[in-house]
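Below is one structure, written out as structure tokens, with a few remarks after it.
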Protein chains: 2
Amino acid sequence: MTKAAAVVCGPSVAARVLAVLSSFDETHTALTLSDIARRSKLPLSTTHRLLAELERWQAVDRAEDGAYHIGRRLWQLGTLAPVQRELREVALPAMQDLFVATQENVTLAVLSGTSALYVERIHGKASVPVESRPGRPLPLHATGVGKVLLAHAQPGLVDACLSKLTKVTSFTIVDRERMCCELAAVRRNGYARSFEEMTPGVAAIAVPIFDPEGRVLAALGLVTRILRKDLVKFVPALRVAAATISRNVSHHRAG
Amino acid sequence: MTKAAAVVCGPSVAARVLAVLSSFDETHTALTLSDIARRSKLPLSTTHRLLAELERWQAVDRAEDGAYHIGRRLWQLGTLAPVQRELREVALPAMQDLFVATQENVTLAVLSGTSALYVERIHGKASVPVESRPGRPLPLHATGVGKVLLAHAQPGLVDACLSKLTKVTSFTIVDRERMCCELAAVRRNGYARSFEEMTPGVAAIAVPIFDPEGRVLAALGLVTRILRKDLVKFVPALRVAAATISRNVSHHRAG
DNA sequence: ACTCGTGCTTCCATTGGGTGGAAGCCGCGC
DNA sequence: GCGCGGCTTCCACCCAATGGAAGCACGAGT
């Protein structure tokens with residue numbers, strides 16, 4: 001995640017606590033006291049005191065080598081988030097059925113700001129290795145699930161994305177006009193494809209998961225090697241799984 | 001989780017922020033402002049201010065009906081915890097293989113204080129419904145995975161548990177002597193069983209997952225209907241999966 | 001063995017962010 | 001129309017937070 005906390009880090013203690021926690025991200029999961037002080041822009045002694053309280057509450061824990069990690073209590077709190085309980089847990093059985101049927105990476109993502117956020121990924125030994133994991137933000141314009149989410153996003157967000165399309169691979173679509181056509185095709189076809197636009201040698205296909213009001217609440221996708229050129233044949237299975245998830249999410253909320 | 005924060009809630013702002021977050025638990029995932037003020041024992045205006053900062057940082061979010069939920073940023077932070085990245089994600093493929101082979105609930109748990117903490121559960125439509133989910137604490141003495149963890153726990157912890165064995169079902173072992181024998185059998189056999197001790201009509205079998213130093217870092221189990229009396233036949237498959245997870249966790253840490 | 005640099009821990013005089021009761025607003029039920 | 005409960009905002013007062021400095025521990029280099 002971006003250092004958004006730097007934006008809100010002010011003189012308040014709560015903001016400082018959050019700045020300390022924001023020091024951790026996808027590529028920084030083990031940090032020393034000095035690391036955290038630097039990244040949160042707080043004095044050493046302040047950082048030390050705040051970490052002591054976070055450690056006491058098990059929001060972080062300190063390994064024998066002195067490095068801090070996110071603690072079990074934050075993990076547990078995280079499991080209470082709607083994205084985990086009302087989406088991920090409900091979606092897991094259908095995702096597994098899809099994995100068994102296809103033996104490929106099965107991905108579930110939601111819109112988060114101007115990124116796609118992986119909620120879950122199921123893969124096996126034979127699946128193409130993909131550098132993704134739950135919690136990780138990914139570009140909307142370069143991934144299958146991202147294109148689905150973007151195609152059904154509010155116009156304001158679409159404009160914001162289209163105004164700063166960046167190349168991830170040489171195949172990534174960065175021309176605004178071409179991306180508009182691509183998103184129109186996604187809406188028309190009811191699925192999105194990505195060919196080596198995010199990762200060389202990798203292709204993806206994704207479909208929307210709707211809520212009862214017809215809004216897109218997530219995207220479900222498959223990620224494969226480009227050798228499998230016939231990805232469109234997976235669309236019916238993806239749609240069945242997406243419909244199952246859709247229905248179960250609605251029941252879950254009502255229950 | 002228990003209201004542990006009540007223990008640490010003092011005059012410090014950090015403690016208060018954590019008390020607010022601690023208001024959420026397994027059975028309270030949607031809370032009003034007044035709910036949170038009551039549960040954290042803070043005045044309404046203090047609670048209101050702290051929640052505003054948490055909301056600004058997306059640690060919590062507020063639904064249209066005014067209820068607060070755990071926000072996406074806390075979910076993302078939670079995904080950085082070692083239990084998630086170094087255990088759960090590494091274990092998932094092997095757990096799925098086990099699920100495919102058995103079509104039963106596959107569970108992964110770690111020791112957390114004096115409880116077993118579910119890290120992940122894989123199940124399908126045909127699996128016996130089990131009220132468990134990631135993040136949820138469960139008794140050590142009544143579950144398969146719990147007995148494995150208890151059998152290999154430090155003597156101090158074992159004593160603490162044996163001194164307050166409580167009945168969960170009429171089959172739960174609460175006699176200290178009998179539980180000692182049970183744990184000795186678990187160590188001798190290399191697996192644990194539970195027959196309707198946690199849930200009527202439900203049986204479980206579990207094996208340990210070792211770290212390179214030979215310590216138990218987690219337990220892997222299957223949960224089935226008691227109709228399947230021949231659970232011991234699953235032990236070889238459980239051990240294979242556990243060994244795979246063991247190896248992969250070691251490689252993951254080294255990498 | 002000694003020196004140096006780095007990381008970390010602890011202290012405490014000073015200060016400014018936090019406090020929480022009260023007042024007021026809003027929505028709902030009777 | 002009234003009463004009640006939940007929520008939001010205000011502000012005089014106060015105490016928790018601050019962060020530089022001093023000191024400790026440790027590892028590397030000589």
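Excluded from the calculations below are hydrogen atoms, water molecules and symmetry mates; all remaining heavy atoms, backbone and side chain alike, are included. Naming convention: chains lettered A, B, ... in sequence-line order (proteins, then strands); numbering from 1 in each chain.
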Residues passing the side-chain hydrogen bond (donor to acceptor under 3.5 Å, both in side chains) test with A:R136, sequence neighbours excluded, are none
Hey, does A:W57 have a side-chain heavy atom less than 4.5 Å from the side chain of B:S22? yes
Over how many whole Å does the gap from [X] atom [atom1] to [N] atom [atom2] extend?
X     : N      : atom1 : atom2 : answer
A:L51 : C:dT10 : CG    : C1'   : 15 Å
A:I36 : C:dC8  : CD1   : P     : 9 Å
A:E55 : C:dT9  : CD    : P     : 9 Å
A:D65 : C:dG7  : CG    : P     : 14 Å
B:Y68 : D:dG6  : OH    : P     : 14 Å

Taking only the side-chain nitrogens and oxygens of B:R38, find out if one of them lies under 4.0 Å from OP1 or OP2 of D:dG5. no
Could you write nucleotides 14-20 of chain C as a row of B, S and -, 5' to 3', where a protein heavy atom under 4.0 Å of any base atom gives B, of only sugar-phosphate atoms gives S, and otherwise -? ---SSBB
Residues at least two apart in sequence or cross-chain that pass salt bridge (charged side-chain N to carboxylate O under 4.0 Å, His left out) with B:E89, listed by chain then number, are A:R133
Salt bridge A:E26-B:R85, side-chain N to carboxylate O under 4.0 Å: yes
Would you call A:R16-A:E53 a salt bridge at under 4.0 Å N-O? no
For B:M95, which of B:T244, B:V119, B:L108 qualifies under side-chain contact (heavy atoms from CB on, under 4.5 Å)? B:L108
Ranking C:dT10, D:dT9, C:dG7 by distance to the side chain of A:H48, first place goes to C:dT10
